[in-house]
Asker: 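Quick one: structure below, then a few questions.
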Amino acid sequence: MSTIADNLGALAARIDSAAQACARDPASIQLLAVSKTKPAAAVREAYAAGIRHVGENYLQEALAKQEELTDLPLTWHFIGPIQSNKTRAIAEHFDWVHSVDRLKIAQRLSEQRPAGLPPLNICLQVNVSGEDSKSGCAAAELPALAAAVAALPGLRLRGLMAIPEPSDERAEQEAAFARLRTLQEGLGLGLDTLSMGMSHDLEAAIAQGATWVRIGTALFGARDYGRA
Ligand SMILES: *Cc1c(COP(=O)(O)O)cnc(C)c1O
């Protein structure tokens, strides 16, 4: 069985060659380790291998892991769906939120961000695949949402995030990521962040300008939801 350090080495090589293929500096692409369903011990192992940024989808699970890992200088990113009653704990315990898709949630995060902490880094999640079932704001609603979020004092709007409909076709993968990049450029807000690309499509995301790739399976191995 490969270790997390082995997996990280392989991922770094994938990121490097994807960056080279489009003449990007590999250092402009950051790796977010997505540890949902994985134990704190796996995050500790990832830290030892060089990981510094961790993404979690479920609040209770994330808080429990944070408790076990207080000795590590990790930066925590919330990347899952957000219910209103969870905003206070998210505002208190995370440095980034990638999955904001409506103003009410952004307003609560801003109000509830503790005064002693820097503004919470925010990505707006956009639905780039047009499926009704997926979360993310509609492209048409994005300019108004982005302008409103950019004005909130407790938040720092950094960019956009998407989870496109899975595809094995490189051209389809890139088309979805290109939509996100075009939307970001169209906002004209000087945003520096595109959170896009997962284990199966990080090359396409990097080709279209990803600055964070969010990687679970390729780093920690397959998830077993039955035991989570
Ligand atoms: C689970 C998850 C990931 C990681 O997915 P993998 O395919 O395991 O790399 C990335 N982003 C979000 C929002 C996720 O929920």
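Atoms within a ligand are numbered from 1 in the order they appear, just like the ligands themselves. Worth knowing before you read on, the calculation uses all heavy atoms, side chains too, and leaves out hydrogens, waters and symmetry mates.
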Asker: Among protein heavy atoms, which lies nearest atom 2 (C) of ligand 1, and at what distance?
Answerer: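 For atom 2 (C) of ligand 1, the nearest protein heavy atom is Lys36 NZ, 2.4 Å.
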Asker: Name the one of Leu219, Ile215, Asn57 that satisfies side chain to side chain contact (heavy atoms under 4.5 Å, CB included) with Val34?
Answerer: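 Single side chain to side chain contact (heavy atoms under 4.5 Å, CB included) partner of Val34 among Leu219, Ile215, Asn57: Asn57.
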Asker: Does either side chain, that of Ser167 or that of Glu172, offer a donor lying less than 3.5 Å from an acceptor on the other one?
Answerer: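 On atom types as modelled, these side chains qualify, holding a pair under 3.5 Å.
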Asker: So which protein heavy atom does atom 10 (C) of ligand 1 come closest to, and at what separation?
Answerer: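 The closest heavy atom on the protein side is Met198 SD, 3.2 Å.
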Asker: Applying side-chain hydrogen bond (donor to acceptor under 3.5 Å, both in side chains), run through Ser35 and Glu56 and close with a yes or a no.
Answerer: CA-CA 6 Å; Ser35 51; Glu56 286 280 345; 2.5 Å; yes
Asker: In Å, rounded to the nearest 0.5 Å, how long is the span from CE of Met196 to CZ of Arg181?
Answerer: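 Reported to 0.5 Å precision, the distance equals 7.0 Å.
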Asker: Starting from atom 13 (C) of ligand 1, which protein heavy atom do you reach first, and at what distance in Å?
Answerer: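 Going by distance alone, atom 13 (C) of ligand 1 is nearest to Ile163 CD1, 3.5 Å.
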Asker: Are any of the N or O atoms of Ile215 closer than 3.5 Å to those of ligand 1?
Answerer: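 Ile215 vs ligand 1: no N/O contact under 3.5 Å.
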Asker: Considering only protein heavy atoms, which is closest to atom 11 (N) of ligand 1, and at what distance to one decimal place?
Answerer: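 Of every protein heavy atom, Arg214 NE, 2.9 Å lies nearest to atom 11 (N) of ligand 1.
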Asker: Which ligand 1 atoms does Asn57 reach within 4.0 Å, using its non-hydrogen atoms?
Answerer: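 Result: 14 (C), 15 (O).
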Asker: Around atom 6 (P) of ligand 1, find the nearest protein heavy atom and jot down its residue, atom name and distance.
Answerer: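 Here the nearest protein heavy atom works out to Ser199 OG, 3.5 Å.
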Asker: Counting heavy atoms only, which of Arg223, His200, His77 is nearest atom 5 (O) of ligand 1?
Answerer: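 Shortest heavy-atom distance from atom 5 (O) of ligand 1: Arg223.
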Asker: Can you list the atoms of ligand 1 that are under 4.0 Å from a heavy atom of Ile79?
Answerer: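 Selected atoms, number and element: 11 (N), 12 (C), 13 (C), 14 (C).
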Asker: Among Leu160, Leu183, Leu187, which one satisfies side chain to side chain contact (heavy atoms under 4.5 Å, CB included) with Leu124?
Answerer: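 Per the side chain to side chain contact (heavy atoms under 4.5 Å, CB included) rule, the option paired with Leu124 is Leu160, out of Leu160, Leu183, Leu187.
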Asker: Would you find a donor on one side and an acceptor on the other, under 3.5 Å apart, between the side chain of Arg214 and the backbone of Gly55?
Answerer: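 It does not hold such a pair.
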Asker: Between the side chains of Asp95 and Thr75, does any donor sit under 3.5 Å from an acceptor?
Answerer: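 Judged by distance alone, the side chains do not pair up.
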Asker: Identify, for atom 8 (O) of ligand 1, the protein heavy atom at the shortest distance, and state residue, atom and that distance.
Answerer: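 Its nearest protein heavy-atom neighbour is Thr217 OG1, 2.5 Å.
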